[in-house]
Novice: 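Structure below; questions to follow.
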Amino acid sequence: MIPQKKIALIAHSWDLDKMLSVFILAIGARSFDYETTIFFTFWGLNALLKGKKSYKGKRIDEKLFTLLAPQGPSDLPLSKKHFFGVGTKMLKKLMKRKNLSSLEDLFALAKELGVKFTACDMTCGIMNISKNELIDGIDYAGVATFYAEALNSKMVLFI
Amino acid sequence: MIPQKKIALIAHSWDLDKMLSVFILAIGARSFDYETTIFFTFWGLNALLKGKKSYKGKRIDEKLFTLLAPQGPSDLPLSKKHFFGVGTKMLKKLMKRKNLSSLEDLFALAKELGVKFTACDMTCGIMNISKNELIDGIDYAGVATFYAEALNSKMVLFI
Amino acid sequence: MIPQKKIALIAHSWDLDKMLSVFILAIGARSFDYETTIFFTFWGLNALLKGKKSYKGKRIDEKLFTLLAPQGPSDLPLSKKHFFGVGTKMLKKLMKRKNLSSLEDLFALAKELGVKFTACDMTCGIMNISKNELIDGIDYAGVATFYAEALNSKMVLFI
């Protein structure tokens, strides 16, 4: 297969700094006119949460997973020096002072620029996350769909 | 070089969630008939341990490293919310409930499907891990062999 | 675009084990005569610090970020089992015993072999890191420059 003007990013982690990288890279790829897909898997799926957690219809252990997870893109911790939230708040403040976009802004911009958001349906299954807990306008796919895209992509990164 | 139907995955971490991704991606690649190699390096090497740790012929500090390492694929922690093993047990239970394969099953399936397992010989050297501590039927290679494979691969991921 | 004999590595983390992988892969790529660029971003930027931290002209919260960051390549922790520095010291000792190069040696070798070091200017902006805090002979670039390189590269890894 000849690689097309496509880029695929796997967002596996929920760390704010890694998620920022995912979105900055996705937006950058669109500015080079590459078709761009972000595959949200495992902890990365938390970035797609609507912001209000749902405990309905979940078993106790699934509820616990839900409780422990961050509450959407505005609630992601840092991968280093988190200090119970202080590090995250500080990074957000520093970004604002430099007029850099917040993750929420990058998220909205990526969507507007046509970045495709795909949720890993296996992870949804494991964590018992239902589609109405995640934001609208996203796709759901498994590993086969991922490969159908990735094997045609110019660059694939696991972040 | 024209990329061949090959995929190379670098397994650097011992986190259960990342190791699951490694194996799900490796198995997926085989189902697309891609030659697939997993390079186990640094902490990732722990997934290849036979399960019984060996302290023979090791110095004190090497023994300490051995003590601290997980005991093969059934003993890997999560990268987030580990809670002294509770998180890991919970994830395993959730996977079982959804009839999803455990890491051990994925491991066996990958092997059966012809995924090539390669251990980083430099890491073995640093940690003083001998070949009889690791499972049989694997290759040993350094960075040169890695590149000989990776530069011919359609996709290379560092996980 | 036809991929050229180029490799791009994104160094996002400051973990010693991951930074070792970055440099071993960069040096390996040069031995295959591939043009190699390391893009240091977020925490990875700490590997480029001169070693003496500067607090001049920084606000309180920027000073705190500076205080918490490792002090150049000789001060990086492990991603696992750090134990307040004991793990790192042990790994360094084990590497020395096996006559394996330290990160500082790998760093110097990479530079000598012509690996290009590029600092993410957005991260410098966020953290208020000035050019005189970082080592000499490096480039500064944003996401556009990254893509101009990466989209011509045979392999791109996010580490």
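Any value given below was found using the heavy atoms of this structure, including those in side chains, with hydrogens, waters and symmetry copies removed. Just so it is clear: chains get the letters A, B, ... in the order the sequence lines come, proteins before strands, and each one is counted from 1.
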Novice: Look at the side chain of C/Asn152 and the backbone N and O of C/Ala148, then say whether any donor-acceptor pair between them is shorter than 3.5 Å.
Specialist: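 Pair found, side chain donor or acceptor close to backbone of C/Ala148.
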Novice: Tell me, side chain or backbone of A/Ile27 under 4.5 Å from chain C's heavy atoms, or both, or neither?
Specialist: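 A/Ile27 has no heavy atom closer than 4.5 Å to chain C.
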Novice: If I measure from the heavy atoms of chain A, does C/Phe158 come under 4.5 Å with its side chain, its backbone, both, or neither?
Specialist: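 Both backbone and side chain.
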Novice: Which pairs, with at least one residue in residues 35-45 of chain C and sequence neighbours excluded, count as a salt bridge (charged side-chain N to carboxylate O under 4.0 Å, His left out)?
Specialist: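 Matches after skipping sequence neighbours: C/Lys6-C/Glu35.
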Novice: What part of C/Ile10 lies closer than 4.5 angstrom to a heavy atom of chain A: side chain, backbone, both or neither?
Specialist: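 When you check distances to chain A, only side chain atoms of C/Ile10 fall under 4.5 Å.
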Novice: Does C/Lys154 count as lying over the ring of C/Tyr34, i.e. NZ or CZ under 6.0 Å from the six-ring centre, within 45 degrees of the axis?
Specialist: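 No, C/Lys154 does not lie over the aromatic ring of C/Tyr34.
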Novice: For C/Asp105, which residues count as a side chain to side chain donor-acceptor pair (under 3.5 Å) partner, sequence neighbours excluded?
Specialist: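 Testing C/Asp105 for side chain to side chain donor-acceptor pair (under 3.5 Å), a comparison that skips the adjacent residues, returns C/Ser102.
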Novice: Does any heavy atom of chain C fall under 4.5 Å from the side chain of A/Ile159, the backbone, both, or neither of them?
Specialist: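 Both backbone and side chain.
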